[in-house]
Structure formats: C-alpha cells, structure tokens
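Worksheet: the structure to be examined is printed underneath.
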Amino acid sequence: MIQLKNISKHFGKLKALDGVTTICEKSECIALIGPNGCGKTTLIKTILGMVVPDSGSITFNGENILKHWQYRDQIGYMPQMGRYPDNMTIGQVLGMMKDIRGKSEGLDEDLIKAFSVQNLLNKRMGTLSGGTIQKVSAALAFLFNPSVLILDEPTAGLDPVASELFKEKILAEKDKGKLVLITSHILSDLDDLVTRVIYMQDGKLIFHKSIEELRQDTGEERLVKSIAQVMISNYE
C-alpha cells in the first residue's frame, strides 16, 4: 500500500533518514519505534508529503506521491500536539475541516460520540485541557473514513477510559482492512494493538518484523521488553 525505496534526507549536516526501504500493507497496525532523534517524525512527514526526500521514492497504492497530492485525502493524521485557533469552538473546527475536505457525508463520527465531543461543541479551543484537545485530534483523524491512519503518540494525555475506547477503535479500523501506523513512547499501550514493528536508529531502518517474529527473536512477550533487548544488543 505504501512503499518506500531508499529514502534519504539531510538537514544541513544531519542525516535524518538514511536509505530507508520498506513496505506497509493494509490490514496492519504498525508501530514505528526508536530513540529520540532516530528519524521517526521525518519519516512520517515524508509519507505525508510535508518533507521532500533528497533521494528515493514513495508510492501510495502503486503511484509515486511526488507532485501527486490527492493521495493525502486517503490519510487521517493525528499529530502529537494538535494546534488549533484558540478563539474557535470545537464545532467550528469540525465544520472548517469538513469544508476544507469538501465532505459532509459518509463520515466516521464514532470517536465524537465515544468521547462525548458532541457535548462540547461550543467550547473554545483555547480553554481546553490537553486531553480534550487530543480527543478532538483523534476524532478529526478518523472523521473522513481514511484508508490509512497515521497516529503520533495518540494516547498521550488521554485518561484510561478514553485510551481504551481509542484502542478499540484502532483495532476495529485495522480489522476493516485499513493501515494504521503508530508512533509512541508508551510501549505498553501497543502490546494489544500492533501486528508489526518498525525499529529505527540514527536515521536507519534497523528492522521491520511481525510482532511474532520479534517475540521469537528476543524471547520476550511484552513489546517494551523486546525493544529493550534490541536496544541493549545495538549498544553492545
């Protein structure tokens, strides 16, 4: 579904991505993991078309994304920290996004209902807690029923009940055949979600394995312990 071939990107002397090659298929929930500064955010931004790589190519459903931005209509993106105009209400933000997308039918409002966002439509964005902003960002990512979901630290700031509701929604969308790509430092949140793991370090893709392969290789059941084993072995 999304294929990356030899993606490299420099920012000055910093090599943020170094020959990254992999394929992300539908019906998968993939964790994108690695230490701070490993290139995860840059990789996400190249997939979203926000960063143009120095070399290599990215295809979406077999079509090169370079100068073909329509593919982004099929992606729902939840940033780590959503930023919205402080003076706009939640209802106005939702309405604005519907106008920008030109879509008002066939919407996925499951998270709007699950998070009771419909009861907060008159609240201004500048008055919201971080957790509530996260709920709005999550609802927007899923709203237009995309075939790909890219979620950056999605459970950060969510209360335990909201976090579990969100996980159930992610699994349901994966089971519908969608591709879900998640970055998170809270690895315990990913144990019941992910089917595959991409591990990056120093701009390089170290491995892309199924969760079963990773568990077999490390002898650990929990993702956090499996990744700890990988990190220890890389530093030895």
Side-chain angles (χ1 to χ4, degrees), residues 1-4 7 20 22-33 40-41 43-50 58-65 68-80 82 94 97-98 100-115 117 134-156 158 162-184 186-187 189-200 205 208-214 223:
M1 188 170 202
I2 299 177
Q3 183 171 13
L4 299 94
I7 298 296
V20 175
T22 193
I23 298 175
C24 300
E25 298 285 5
K26 62 182 181 180
S27 299
E28 299 280 8
C29 185
I30 302 173
L32 179 57
I33 294 172
K40 300 188 299 293
T41 298
L43 186 63
I44 285 175
K45 288 183 176 180
T46 60
I47 294 172
L48 292 170
M50 298 167 66
I58 301 174
T59 58
F60 188 98
N61 287 334
E63 183 176 359
N64 194 309
I65 69 170
H68 295 89
W69 309 119
Q70 294 86 350
Y71 78 97
R72 289 190 289 194
D73 287 342
Q74 300 180 57
I75 296 178
Y77 173 53
M78 180 181 176
Q80 182 175 354
L94 292 174
M97 295 307 299
K98 291 175 185 178
I100 290 172
R101 288 288 191 112
K103 188 174 181 180
S104 59
E105 297 180 354
L107 302 177
D108 181 350
E109 299 183 337
D110 286 354
L111 289 180
I112 291 177
K113 297 171 183 175
F115 293 154
V117 173
Q134 281 288 89
K135 292 176 181 179
V136 173
S137 293
L140 284 170
F142 286 74
L143 184 59
F144 300 100
N145 207 16
S147 58
V148 176
L149 291 150
I150 299 178
L151 312 175
D152 192 357
E153 301 287 347
T155 58
L158 294 181
S163 181
E164 286 304 310
L165 290 170
F166 196 19
K167 290 178 191 177
E168 290 174 6
K169 178 61 175 173
I170 291 170
L171 287 173
E173 295 307 294
K174 187 266 292 180
D175 290 342
K176 291 178 184 176
K178 297 184 179 182
L179 167 62
V180 185
L181 185 61
I182 302 177
T183 69
S184 181
I186 310 173
L187 299 187
D189 280 351
L190 302 178
D191 276 321
D192 299 326
L193 289 177
V194 301
T195 57
R196 305 190 67 83
V197 176
I198 292 174
Y199 184 80
M200 295 186 65
L205 192 152
H208 181 175
K209 297 180 179 180
S210 71
I211 193 72
E212 290 82 7
E213 290 174 315
L214 182 60
L223 181 58

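Atom set for the values below is all heavy atoms of this structure, side chains included, hydrogens, waters and symmetry mates excluded.
At least one donor-acceptor pair closer than 3.5 Å links the side chain of Arg72 to the backbone N or O of Leu48. Side chain of Lys103 to backbone of Phe144: a donor-acceptor contact under 3.5 angstrom is found. The closest donor-acceptor contact from the side chain of Glu25 to the backbone of Met1 lies under 3.5 Å. Remark: side-chain polar atoms of Glu173 are not paired, donor with acceptor, to backbone N or O of Val180 under 3.5 angstrom. Between the side chain of Thr195 and the backbone N or O of Cys29, at least one donor-acceptor pair lies under 3.5 Å. With Lys178 contributing its side chain and Pro146 its backbone, the two residues share a donor-acceptor pair below 3.5 Å. Panel note: side chain Glu213, backbone Ser210; a donor-acceptor pair is recorded below 3.5 Å.
Between Ile44 and Thr41 there is no side-chain heavy-atom pair separated by less than 4.5 Å. Proximity of Leu171 to Leu193: side-chain heavy atoms (C-beta onward) are separated by under 4.5 Å at one or more points. Proximity of Phe60 to Val148: side-chain heavy atoms (C-beta onward) are separated by under 4.5 Å at one or more points. For the pair Phe142/Asp110, no side-chain contact is recorded, criterion being any heavy-atom separation below 4.5 Å from C-beta on. Side-chain contact between Leu94 and Ile112: present, with at least one pair of heavy atoms (C-beta onward) separated by less than 4.5 Å. Residues Gln3 and Thr22 have side chains not in contact (no heavy-atom distance under 4.5 Å, counting atoms from C-beta outward). Annotation: side chain of Met78 is not in contact with side chain of Leu140 (no heavy-atom distance under 4.5 Å). Taking 4.5 Å as the limit, every side-chain heavy atom of Val197 sits out of range of all side-chain heavy atoms of Ile30.
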*Using the side-chain contact (heavy atoms from CB on, under 4.5 Å) rule, take Ile211 and Leu223 through it: C-alpha gap first, then chi angles, then the decisive distance, then the call.*
CA-CA 8 Å; Ile211 193 72; Leu223 181 58; 3.8 Å; yes

*Going through the checks in order, is the side-chain contact (heavy atoms from CB on, under 4.5 Å) test met by Ile33 and Leu190?*
CA-CA 11 Å; Ile33 294 172; Leu190 302 178; 4.3 Å; yes

*asked:* Applying side-chain contact (heavy atoms from CB on, under 4.5 Å) to Lys209 and Ile198, what does each step give before you reach the verdict?
replied: CA-CA 7 Å; Lys209 297 180 179 180; Ile198 292 174; over 6 Å; no

*asked:* Determine whether Leu151 and Tyr77 satisfy the following criterion, side-chain contact (heavy atoms from CB on, under 4.5 Å), listing intermediate values before the conclusion.
replied: CA-CA 6 Å; Leu151 312 175; Tyr77 173 53; over 6 Å; no

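Note that CG of Leu4 and NE2 of His208 are 10.5 Å apart. Values are rounded to the nearest 0.5 Å. How far CG of Leu205 is from CG of Leu43: 8.0 Å, rounded to the nearest 0.5 Å. Rounded to the nearest 0.5 angstrom, Tyr71 OH and Ile58 CD1 are separated by 7.0 Å. In this structure, CD on Glu28 lies 12.0 Å from CD1 on Ile23, to the nearest 0.5 angstrom. Note: Ser27 OG to Asp175 CG = 8.0 Å, rounded to the nearest 0.5 Å. Of the inter-residue distances, the one linking Lys174 atom NZ with Ile182 atom CD1 reads 11.0 Å to the nearest 0.5 angstrom.
The number of heavy-atom neighbours closer than 6.0 Å to NZ of Lys45, taken from other residues, nucleotides and ligands shown, is 12 or below.
Looking at every heavy atom in both residues, Ala138 comes nearest to Phe115 through CB-CE1, 4.0 Å. Between Leu179 and Ile2, the shortest heavy-atom contact is CD2-CD1, 3.8 Å. For the pair Lys40 and Leu32, the tightest heavy-atom approach, listed with the atom from each and the gap, is CD-O, 3.4 Å. What you find for Val194 and Ala31 is that their closest heavy atoms are CG1-CB, 3.5 Å.
Judged by distance alone, the side chains of Asp152 and Thr183 do bring a donor and an acceptor atom under 3.5 Å apart. Between the side chains of Asp189 and Thr155, at least one donor-acceptor pair of N or O atoms lies under 3.5 Å.
In this structure, Asp108 does not pair ionically with Lys113, as no charged nitrogen and carboxylate oxygen lie closer than 4.0 Å. The residues Lys167 and Asp192 are annotated as not salt-bridged, no charged nitrogen and carboxylate oxygen being separated by less than 4.0 angstrom.
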